[in-house]
Amino acid sequence: MERLFDAPRELVWKVMLDPELVTKWWGPHGYTTTVVEMDVRPGGKWHYINHTTGGEDIGFMGEYLELDPPRRYKATFIVDLDGLRDNIGVETFTFEEIDGQTKLTTRSEFPSAEELEVHVSNGMIQGSIETWDRFAALLAAPLAEG
């Protein structure tokens, strides 16, 4: 997936990896997010909980594998849905500045086509679009720069 954001790369990086700001954009429209852990360093863990509009709590977690600020980072991605934590993916985020804007590219890799299908069938694509819509709105707000 890729999307062009109307903000400089350093700001996009900051909003992506600041735990106080993650709570303002992470997840589909109407969801809230709690950042349980966010240790942004190679080997550091991250853990968020989405609180859905239907009252469910869905956990997401992983480990930061590589960080190259503000160009790129790589992390594992696990969905804790109904206690199942076996759909482990790896995501690589690349931040490319283009004339004051930032092209953010996310590459998600899964161990099998079946595991990818589990994520797709659980709303990964629509959830990502809505999450990035919220991310873009926050980047446009004065709060992101403060």
Side-chain angles (χ1 to χ4, degrees), residues 1-53 56-81 85 87-146:
M1 295 182 288
E2 61 182 40
R3 181 155 171 183
L4 188 64
F5 293 100
D6 191 18
R9 180 169 65 177
E10 287 76 15
L11 180 59
V12 174
W13 178 271
K14 174 188 173 195
V15 172
M16 178 73 64
L17 294 167
D18 181 324
E20 290 181 28
L21 296 175
V22 167
T23 63
K24 300 179 186 316
W25 63 266
W26 209 84
H29 297 297
Y31 286 25
T32 59
T33 299
T34 299
V35 174
V36 177
E37 181 176 11
M38 197 169 174
D39 183 8
V40 184
R41 63 178 177 82
K45 307 284 188 214
W46 67 274
H47 180 190
Y48 309 157
I49 299 174
N50 264 164
H51 310 286
T52 72
T53 54
E56 283 183 282
D57 287 344
I58 303 171
F60 298 86
M61 62 200 66
E63 177 181 330
Y64 295 100
L65 302 173
E66 301 171 14
L67 286 135
D68 181 15
R71 294 177 217 27
R72 172 182 183 279
Y73 79 90
K74 187 175 197 175
T76 59
F77 183 90
I78 303 165
V79 180
D80 186 10
L81 188 59
R85 294 185 182 181
N87 291 317
I88 300 173
V90 175
E91 293 187 318
T92 303
F93 295 82
T94 305
F95 302 74
E96 180 183 357
E97 186 145 353
I98 302 170
D99 298 324
Q101 296 181 312
T102 302
K103 181 170 86 170
L104 178 57
T105 303
T106 303
R107 179 178 172 87
S108 301
E109 300 174 56
F110 297 93
S112 69
E114 292 79 18
E115 291 196 32
L116 171 61
E117 184 53 39
V118 167
H119 285 274
V120 171
S121 67
N122 281 318
M124 178 180 87
I125 295 170
Q126 185 61 36
S128 295
I129 291 168
E130 291 183 27
T131 296
W132 282 15
D133 286 348
R134 294 179 65 197
F135 187 76
L138 183 60
L139 285 169
L143 175 64
E145 296 184 34

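Position 1 is the first residue of the sequence; numbering continues from there. Just so we're clear, the structure is a prediction, and the values are computed from it rather than from any experiment.
For the atom pair Trp25 CH2 and Leu139 CG, the distance stands at 9.0 Å (nearest 0.5 Å). Atom-to-atom distance recorded for Gln101:CD and Asp6:CG is 4.5 Å, nearest 0.5 angstrom. For the atom pair OG1 of Thr32 and NE2 of His51, the computed distance is 4.5 Å after rounding to the nearest 0.5 Å. Atom CZ in Arg9 sits 13.5 Å away from atom CE in Met16 (nearest 0.5 Å). Rounding to the nearest 0.5 angstrom, the gap separating the NE2 atom in His47 from the CD1 atom in Ile78 is 10.0 Å. Here the CD atom belonging to Glu91 is positioned 10.0 Å from the CD atom belonging to Glu109, to the nearest 0.5 angstrom.
A donor-acceptor pair under 3.5 Å links the side-chain atoms of Thr76 to the main chain of Glu63, judged by distance alone. No donor-acceptor pair closer than 3.5 Å links the side chain of Thr105 to the backbone N or O of Glu2. The backbone N or O of Trp132 lies less than 3.5 Å from no partner atom in the side chain of Arg134, so there is not a single donor-acceptor pair.
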* Report the C-alpha separation of Arg3 and Leu104 in whole Å, then their side-chain angles, then the decisive distance to 0.1 Å, and conclude whether the side chain to side chain contact (heavy atoms under 4.5 Å, CB included) test is met. => CA-CA 5 Å; Arg3 181 155 171 183; Leu104 178 57; 5.6 Å; no
* Decide yes or no on side chain to side chain contact (heavy atoms under 4.5 Å, CB included) for Met61 and Asp80, but give the supporting numbers first. => CA-CA 8 Å; Met61 62 200 66; Asp80 186 10; 3.6 Å; yes
* Where do Glu96 and Ile98 land on the side chain to side chain contact (heavy atoms under 4.5 Å, CB included) test, with the steps shown first? -> CA-CA 6 Å; Glu96 180 183 357; Ile98 302 170; 4.1 Å; yes
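With Phe60 as the partner, the ring-ring contact (aromatic ring centres under 6.0 Å, His included) test is satisfied by one option alone out of Trp26, Tyr31, Trp46, Tyr48: Trp26.
In this structure, Tyr64 and Leu17 have side chains that are in contact, with non-hydrogen atoms separated by less than 4.5 Å. Looking at heavy atoms from C-beta onward, Thr131 lies in side-chain contact with Pro28 at the 4.5 angstrom threshold.
Other residues, nucleotides and ligands contribute more than 12 heavy atoms inside 6.0 Å of the CD atom of Glu66.
Annotation for Val22 and Val15: closest pair CG2-O, 4.1 Å, computed over non-hydrogen atoms.
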